[in-house]
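Single-structure report; data block below.
Note that these values count all heavy atoms, side chains included, but never hydrogens, waters or copies made by symmetry.
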Amino acid sequence: MKSTRRAPRTGWRWSYVLAAALAAAAGFLPSPPAQADIIVQDRTSDGPLVLDKPEDYIVKNVRIAGLQDTAALTLAGRIRSVTIENSRFGDVLAGPNSHAAALEAVSASIGA
């Protein structure tokens with residue numbers, strides 16, 4: 001004996017509707033955070049920050065101030081990439097050597 005109930009429609013039309021909905025939602029989803037080898041985050045310091053390894057850096061929410069005769073942030077050597085977000089490097093005073101800088105690059109090469 002056959003049932004008189006209709007089977008639900010799950011054919012190719014439903015697949016297209018689902019695919020279109022997923023494609024539309026993908027455009028509105030936030031992108032994943034950037035991948036980095038070294039993350040420096042939520043740091044407040046009165047000492048310099050030196051980035052000198054061939055890595056990808058993310059510097060986030062970092063405050064460096066109150067230095068004398070040095071740079072707050074120094075980039076040295078080969079570096080793959082540097083991303084700086086919501087950070088402050090400053091209030092550097094020139095001392096006897098008359099050297100004051102928020103950022104300094106010493107033989108730095110960023111990127112390939």
Side-chain angles (χ1 to χ4, degrees):
M1 181 187 270
K2 274 190 163 181
S3 174
T4 58
R5 268 197 269 168
R6 292 184 104 188
R9 293 189 179 205
T10 57
W12 60 271
R13 287 183 219 137
W14 176 249
S15 298
Y16 281 124
V17 169
L18 182 61
L22 288 174
F28 296 106
L29 295 176
S31 61
Q35 296 296 319
D37 294 329
I38 299 175
I39 298 174
V40 181
Q41 185 171 359
D42 301 327
R43 176 179 166 186
T44 301
S45 176
D46 59 357
L49 176 62
V50 179
L51 308 180
D52 60 355
K53 294 183 176 35
E55 308 289 345
D56 295 316
Y57 290 93
I58 292 182
V59 179
K60 187 186 287 189
N61 299 326
V62 174
R63 307 276 186 263
I64 297 177
L67 299 174
Q68 183 173 347
D69 260 348
T70 187
L73 175 63
T74 301
L75 305 176
R78 292 182 153 250
I79 298 169
R80 272 192 273 177
S81 69
V82 178
T83 302
I84 301 173
E85 299 175 4
N86 195 28
S87 297
R88 182 181 299 169
F89 307 98
D91 195 17
V92 180
L93 304 173
N97 295 329
S98 299
H99 179 84
L103 178 105
E104 181 176 53
V106 180
S107 300
S109 172
I110 299 175

What residues, two or more places apart in sequence or in another chain, satisfy side-chain contact (heavy atoms from CB on, under 4.5 Å) together with Ala101? Ala71

Report the distance from atom CD1 of Ile110 to atom CZ of Arg80, rounding to the nearest 0.5 Å. 13.0 Å

Going from OG on Ser87 to NZ on Lys60, what distance comes out if it is rounded to the nearest 0.5 angstrom? 9.5 Å

I'd like to check the side-chain contact (heavy atoms from CB on, under 4.5 Å) partners of Asp42; sequence neighbours left out, ordered by chain and number. Asn61

Sorted by chain and residue number, the side-chain hydrogen bond (donor to acceptor under 3.5 Å, both in side chains) partners of Glu85 (sequence neighbours excluded) come out as none

Heavy-atom closest pair (Phe89 atom, Ala102 atom, distance to 0.1 Å) is O-CB, 3.1 Å

Starting at OG1 of Thr83, measure out to CD1 of Ile39 and round the result to the nearest 0.5 Å. 10.0 Å

For residues 44-53, tabulate all N or O donor-acceptor pairs below 3.5 Å that involve a side-chain atom, not counting sequence neighbours.
| residue | atom | partner | partner atom | Å |
| --- | --- | --- | --- | --- |
| Ser45 | OG | Gly47 | N | 2.8 |
| Ser45 | OG | Gly47 | O | 3.4 |

If I compare all heavy atoms of Ile79 with all of Glu55, which pair ends up nearest, and what's the gap? CG2-O, 3.7 Å

The test is side chain to side chain contact (heavy atoms under 4.5 Å, CB included); show your working for Thr74 and Val106 and say whether it passes. CA-CA 7 Å; Thr74 301; Val106 180; 4.0 Å; yes

More than 12 heavy atoms from other groups under 6.0 Å of CZ on Arg43: yes

Under the side-chain contact (heavy atoms from CB on, under 4.5 Å) test, residues paired with Ala108 that sit two or more places apart: Leu75, Ala105

With Ser81, which residues qualify under side-chain hydrogen bond (donor to acceptor under 3.5 Å, both in side chains), at least two apart? Asp56

